[in-house]
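Worksheet for the structure shown next.
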Amino acid sequence: MNALLRNKPIKQIYLFFSIALLFAACQQNKKVDVSNIPVNIKISRFDHDFDLMRTNPMSAQAEVLKKQYGVFYRDFIERVLKIGSTNDTVYFATLRKMFASKDYMAVKQEVDSIYPNLDKQNAELTDAFRRIKYYFPKQQTPQIFAYLSGFQAQTSIGDSYFAIGLDQFLGAGSKFYPGLTENYPHYISRRFTPQNISSRVIEGVLREDMFPEKEENKMLLAKMIYNGKIMYCMDQTLPDVPDSIKIGYTPQQLKWCEDFKPQIWAYILDENLLYESDFQKTQKYLNEAPFTPGLGEHNQSAPKIAVWTGWQIVRQYMDKHPKITLAQLMANDDVQTILNESKYRPK
């Protein structure tokens with residue numbers, strides 16, 4: 001495969017074919033006007049309200065947080081911090097130690113300096129959730145909270161809420177991330193930026209709430225189409241977000257995929273991966289990584305090539321079927337038909 005990727009083949013472009021595809025793409029990706037849909041996102045600053053436990057009477061502020069944030073407060077104490085049960089006050093002692101630590105104050109000050117407000121994120125997510133409501137009218141919009149995760153998670157989802165760990169979006173150059181490379185190597189932490197918040201929230205809602213992957217999806221083709229549908233749904237709900245941010249690529253990795261699109265597809269076919277169900281054989285084409293082993297030269301290949309290829313298949317399928325709604329696409333589990341009718345044969 002390495003030899004195949006050394007020379008980019010000359011592409012023959014037929015004008016009528018290009019115009020037809022362009023017209024279909026314009027039709028499919030046309031931004032709908034969602035300004036009148038009554039959805040307005042205001043991210044609640046749990047991090048600020050939680051910090052009041054440092055200066056206010058702790059028991060009284062705990063009751064305020066329980067009332068204002070409901071199950072999220074319990075989940076935060078019991079599942080994120082893992083310091084006890086909210087049914088008693090034993091965990092208060094641990095909180096007092098945490099609030100008195102230099103580490104807590106350093107992270108809090110950094111977060112507050114980068115996020116004095118969340119106006120930009122509120123506007124982006126308002127537009128995105130309006131689009132979700134447009135395409136899926138019955139979908140309930142969750143409450144969205146911002147918190148300090150202790151570098152545990154970028155996002156958390158629970159009963160009617162979605163939470164954003166702001167300490168995981170401090171910017172790729174944050175002074176905190178070099179010390180966390182065991183859990184978050186650079187190819188992961190380079191995406192810990194403010195520009196990634198909206199994409200990660202919408203992706204999380206799509207994957208974890210609206211369209212969780214079915215356990216029976218073992219075959220690589222099924223996983224490719226599932227991921228492709230999620231990415232296509234992000235296209236429609238985040239129309240102004242660059243593809244590189246949606247999938248988590250560098251611009252160079254995205255260009256690599258576009259340059260070697262035919263060779264990637266040929267590799268998947270030649271290696272008989274399409275109908276492979278052994279996750280040990282397919283995971284390296286789906287999971288986060290700095291590159292895809294066995295592809296390209298000098299480790300310049302992009303990771304997650306099965307996700308990217310599934311995305312292109314679904315895009316092409318929808319370009320060829322402009323009357324199919326987004327809801328119909330997401331409900332369609334016939335992955336072989338989607339592949340066949342996409343006529344995906346990159347050249």
Side-chain angles (χ1 to χ4, degrees), residues 42-66 68-69 72-86 89-122 124-125 143-158 161-201 204 245 248 288 290:
K42 189 178 188 310
I43 303 169
S44 298
R45 293 298 296 259
F46 177 85
D47 58 321
H48 289 173
D49 294 333
F50 176 68
D51 186 63
L52 292 176
M53 294 183 81
R54 180 171 58 90
T55 55
N56 292 355
M58 194 166 279
S59 293
Q61 186 61 20
E63 291 305 313
V64 171
L65 292 172
K66 288 178 184 178
Q68 185 172 346
Y69 292 95
F72 175 68
Y73 179 69
R74 182 197 67 197
D75 290 348
F76 178 70
I77 295 297
E78 298 179 4
R79 298 170 61 184
V80 178
L81 297 184
K82 299 177 181 177
I83 57 174
S85 169
T86 56
T89 60
V90 175
Y91 68 95
F92 284 3
T94 304
L95 287 183
R96 290 189 179 96
K97 291 179 182 178
M98 184 190 76
F99 287 135
S101 71
K102 293 181 179 178
D103 289 342
Y104 170 79
M105 291 307 298
V107 174
K108 171 183 161 43
Q109 289 168 5
E110 183 79 359
V111 168
D112 287 346
S113 70
I114 294 172
Y115 298 104
N117 62 67
L118 294 172
D119 294 348
K120 184 175 185 293
Q121 289 74 27
N122 285 333
E124 291 174 350
L125 289 173
Q143 291 180 287
I144 302 183
F145 308 139
Y147 74 116
L148 304 185
S149 75
F151 303 107
Q152 297 297 312
Q154 276 198 311
T155 57
S156 304
I157 191 167
Y161 73 76
F162 197 97
I164 304 164
L166 293 180
D167 50 349
Q168 297 271 69
F169 293 100
L170 296 177
S174 171
K175 62 185 178 183
F176 298 106
Y177 300 149
L180 301 170
T181 52
E182 186 173 338
N183 292 325
Y184 306 112
H186 178 68
Y187 67 85
I188 298 291
S189 65
R190 66 171 179 77
R191 293 173 295 182
F192 289 4
T193 67
Q195 293 77 18
N196 275 275
I197 288 180
S198 296
S199 291
R200 300 292 72 82
V201 170
I245 289 181
E288 299 288 356

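The two atoms that bring I114 and P194 nearest to each other are CG2-CG, 4.3 Å, heavy atoms only. Y91 and I83 make their closest contact through CB-O, 3.2 Å (heavy atoms, listed as atom of the first residue, atom of the second, distance).
Atom-to-atom distance recorded for Q61:CD and Q68:CD is 8.5 Å, nearest 0.5 angstrom. We find the NZ-CG distance between K42 and D119 to be 8.5 Å, quoted to the nearest 0.5 Å. If you take CD1 on I144 and CG on N122, they are separated by 8.5 Å, rounding to the nearest 0.5 Å. Taken from CD in Q152 to CG in L81, the straight-line distance is 8.5 Å, to the nearest 0.5 Å.
Under the 4.5 Å side-chain criterion, counting only non-hydrogen atoms from C-beta, Q143 is not in contact with S44. Within the 4.5 Å cutoff, the side chain of M58 has heavy atoms near those of the L95 side chain.
For residues 176-194, the salt bridge (Lys or Arg N to Asp or Glu O under 4.0 Å) pairs, not counting sequence neighbours, are R191-E288.
Ring pair F50/F76 is perpendicular by interplanar angle, where above 60° counts as perpendicular and below 30° as parallel. Relative ring orientation between F72 and F145 is described as tilted, the plane-to-plane angle lying within the 30° to 60° band.
S156 and Y147 form a side-chain donor-acceptor contact under 3.5 Å, judged by distance and modelled atom types alone.
Residues forming a side chain to side chain donor-acceptor pair (under 3.5 Å) with D112 (at least two apart in sequence, or on another chain): H48, K108. Under the side chain to side chain donor-acceptor pair (under 3.5 Å) criterion, Q195 pairs with T193, sequence neighbours left out. For D47, the side chain to side chain donor-acceptor pair (under 3.5 Å) test picks out R45, with sequence neighbours left out. Under the side chain to side chain donor-acceptor pair (under 3.5 Å) criterion, Y69 pairs with D49, sequence neighbours left out.
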| task | Take K120 and E124 through the test salt bridge (Lys or Arg N to Asp or Glu O under 4.0 Å) and record every step on the way to the result. | result | CA-CA 6 Å; K120 184 175 185 293; E124 291 174 350; 2.4 Å; yes
| Test side chain to side chain contact (heavy atoms under 4.5 Å, CB included) applied to L148 and Y104, step by step | CA-CA 9 Å; L148 304 185; Y104 170 79; 4.1 Å; yes
| request: With side chain to side chain contact (heavy atoms under 4.5 Å, CB included) as the test, would you mind laying out the steps for K82 and E78 before giving the verdict? | output: CA-CA 5 Å; K82 299 177 181 177; E78 298 179 4; over 6 Å; no
Contacts under 3.5 angstrom, residues 161-176 side chains, donor-acceptor by atom type, not counting sequence neighbours:
unit_1	atom_1	unit_2	atom_2	d
Y161	OH	D75	OD2	2.7
D167	OD1	S149	N	3.1
D167	OD1	S149	OG	3.0
D167	OD2	S149	N	3.1
D167	OD2	S149	OG	3.4
D167	OD2	G150	N	2.8
D167	OD2	F151	N	2.9
Q168	NE2	Y184	OH	3.1
S174	OG	F176	N	3.3

